[in-house]
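We count residues from 1, following the sequence as given.
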Amino acid sequence: MAAEESAMSNNTATSIFGLPSTIDIFGVQVTPFAIILTIAIIVAGFAIAHGVRLVTLKYLGTRLPPDARKATGRTVYYGIIAVALLSALGVSGLDLSGLFLAGGFAGIIVGFATQSLFSNLISGIFLQIDKPMKIGDPVLITGKLPDVAGVVVEVTALSSRLRMFDGTYVRLPNSDVFLSEIRNFSGAAARRVELVIGVSYDSDAQKAIGIIRQSLKGTPLVLVEPEPDVYVDNLGASAVNINIWCWVPFTVWFDMRKLLVEQIKRELETNGIEIPFPQQVVHIKQDRRKKAPKMGAPRNSDTVPPAASFDSSAGVNLDEVADND
């Protein structure tokens, strides 16, 4: 009995620093060395996560907006910490099968609930890397979304905000924007103005083209290269349609379009070129065939009672009509 008690005391005692050889944690015997190693892994994980976040923000974050930069840094930071915690728990020797099973079910539920959130987050990062639009750009977004035209106000980690041309604001999910067609109107220094002017068939189309060319030539902000193109496009129902293409600086495109419409109209009217209203010629064909008499109608005036004449001033005496019959 004394030997057995001595052996048990040796198992419970340690030869290092007077610590027990094992410690009971949640019913599991864990050595002090495993506990120290677990704590070291967790501390190292926090340190590595902090360092990786700083490196990520320094080299990758400069290409991202502030909100996306913060979201990316937090994702990297907490991802490394999660890996460190799982590694530390594995080293500790604890049975984590039940915890992993519960975490797996919770992860599936959270994944389904937040899949759109992560989709918008990833799409926002790719939008910042690809840069199809930036703050202040007038854009037209079509395709997956209904047509949305406006000026980009903000691109956050989850959504993009645009100020539409009527002054209202719209918020679009980044996943939908990334999958849509983005037409950026500020991509080039110059933009083409396209106008269609209709002149009367009685007017000289070549004279009208010459007047329009001269008007464009005298306008300072119309670019000489590429050269303006003015030509007869088609013969419309009520006018000869002339296409006008010219290039102007992007920053004054809208103002120049309004100015050119008024200017060309004034020049054409001054030189006697008519801009007709939409009109349609209708020919009415008369039917000269003699109509057959209706059934039951009297064939001549003798059968019509005198009192039932077509004079609006004469009354009709029903008794006289009956006597004549």
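- The side chain to side chain contact (heavy atoms under 4.5 Å, CB included) test with Ile244 is passed by exactly one of Ile209, Asp233, Leu216, Val261: Leu216.
- Two residues are said to be in side-chain contact when any heavy atoms from C-beta on lie closer than 4.5 Å; Ile264 and Ile197 meet this criterion.
- Shortest non-hydrogen contact noted between Gly236 and Tyr201 is O-OH, 2.7 Å.
- In this structure, Asn243 and Val230 have side chains that are not in contact, with every pair of non-hydrogen atoms separated by 4.5 Å or more.
- Note on Met133: it clusters hydrophobically with Ile122, by side-chain heavy-atom contacts below 4.5 Å among ILVMFWY residues.
- Counting only heavy atoms from C-beta outward, the side chains of Val232 and Asn241 never approach each other to under 4.5 Å.
- Annotation: side chain of Trp245 is in contact with side chain of Tyr231 (closest heavy-atom distance under 4.5 Å).
- Under the 4.5 Å side-chain heavy-atom criterion for ILVMFWY residues, no single connected hydrophobic cluster contains both Val148 and Tyr169.
- Remark: side-chain polar atoms of Asn120 are paired, donor with acceptor, to backbone N or O of Ser175 under 3.5 angstrom.
- Between the Trp247 side chain and the Glu225 main chain, no donor and acceptor come within less than 3.5 Å of each other.
- Side-chain N or O atoms of Asp166 include one that pairs as donor or acceptor with a backbone N or O of Thr168 at under 3.5 Å.
- Without hydrogens or angle criteria, Ser200 side chain to Asp202 main chain gives a donor-acceptor distance under 3.5 Å.
- Between Glu194 and Arg257, the shortest heavy-atom contact is O-NH2, 3.8 Å.
- Within the 3.5 Å criterion, the main-chain N or O of Thr156 finds no donor-acceptor partner in the side chain of Ser160.
- A cation-pi contact, defined as under 6.0 Å to the ring centre and within 45° of the axis, is absent between Arg191 and Phe250.
- Nearest heavy atom pair, residue Asn184 against residue Pro132, reads ND2-O, 3.1 Å.
- There is no path of hydrophobic side-chain contacts, each under 4.5 Å, that joins Leu54 to Val43.
- Taking hydrophobic clusters as Ile, Leu, Val, Met, Phe, Trp and Tyr residues chained together by side-chain heavy-atom distances below 4.5 Å, Trp253 does not share a cluster with Phe185.
- Between Glu181 and Arg183 no salt bridge is recorded (no basic side-chain N to carboxylate O distance below 4.0 Å).
- One finds the CD atom of Glu154 at 11.0 Å from the CG atom of Leu162 (value rounded to the nearest 0.5 Å).
- With values rounded to the nearest 0.5 angstrom, Ile182 atom CD1 is found 10.0 Å from Leu140 atom CG.
- Summarising the geometry, atom CD1 belonging to Ile81 is positioned 8.0 Å from atom CZ belonging to Arg53; distances are rounded to the nearest 0.5 Å.
- When all heavy atoms of Phe165 and Gly150 are compared, the pair lying nearest together is CE1-N, 3.8 Å.
- The shortest side-chain heavy-atom distance between Leu268 and Thr270 does not fall under the 4.5 Å cut-off.
- The backbone N or O of Ser119 sits less than 3.5 Å from a side-chain atom of Ser123, completing a donor-acceptor pair.
- Contact of the Ile141 side chain with the Val177 side chain is registered, since non-hydrogen atoms from C-beta on lie closer than 4.5 Å.
- Looking only at distances, no side-chain donor or acceptor of Asn271 sits under 3.5 Å from a matching main-chain atom of Ile273.
- Once rounded to the nearest 0.5 Å, the distance linking CD1 of Ile212 with CD of Gln263 reads 11.0 Å.
- Listed here is the closest heavy atom pair of Gly45 and Ile80: O-CG2, 3.8 Å.
- Between Val222 and Met256, the shortest heavy-atom contact is CG2-CE, 4.1 Å.
- Panel note: side chain Ser180, backbone Asp176; a donor-acceptor pair is recorded below 3.5 Å.
- The OG1 atom of Thr219 lies 11.5 Å from the CG atom of Leu223; values are rounded to the nearest 0.5 Å.
- Hydrophobic clustering of Ile, Leu, Val, Met, Phe, Trp and Tyr side chains at less than 4.5 Å, counting indirect connections, unites Leu260 with Val252.
- In terms of modelled atom types and a separation under 3.5 Å, the side chain of Ser203 and the main chain of Val199 share no donor-acceptor contact.
- A salt bridge is defined here as a Lys NZ or Arg NE, NH1 or NH2 lying under 4.0 Å from an Asp or Glu carboxylate O, and Glu262 with Lys258 fails to meet this definition.
- Between Leu127 and Asn174, some side-chain heavy-atom pair lies under the 4.5 Å cut-off.
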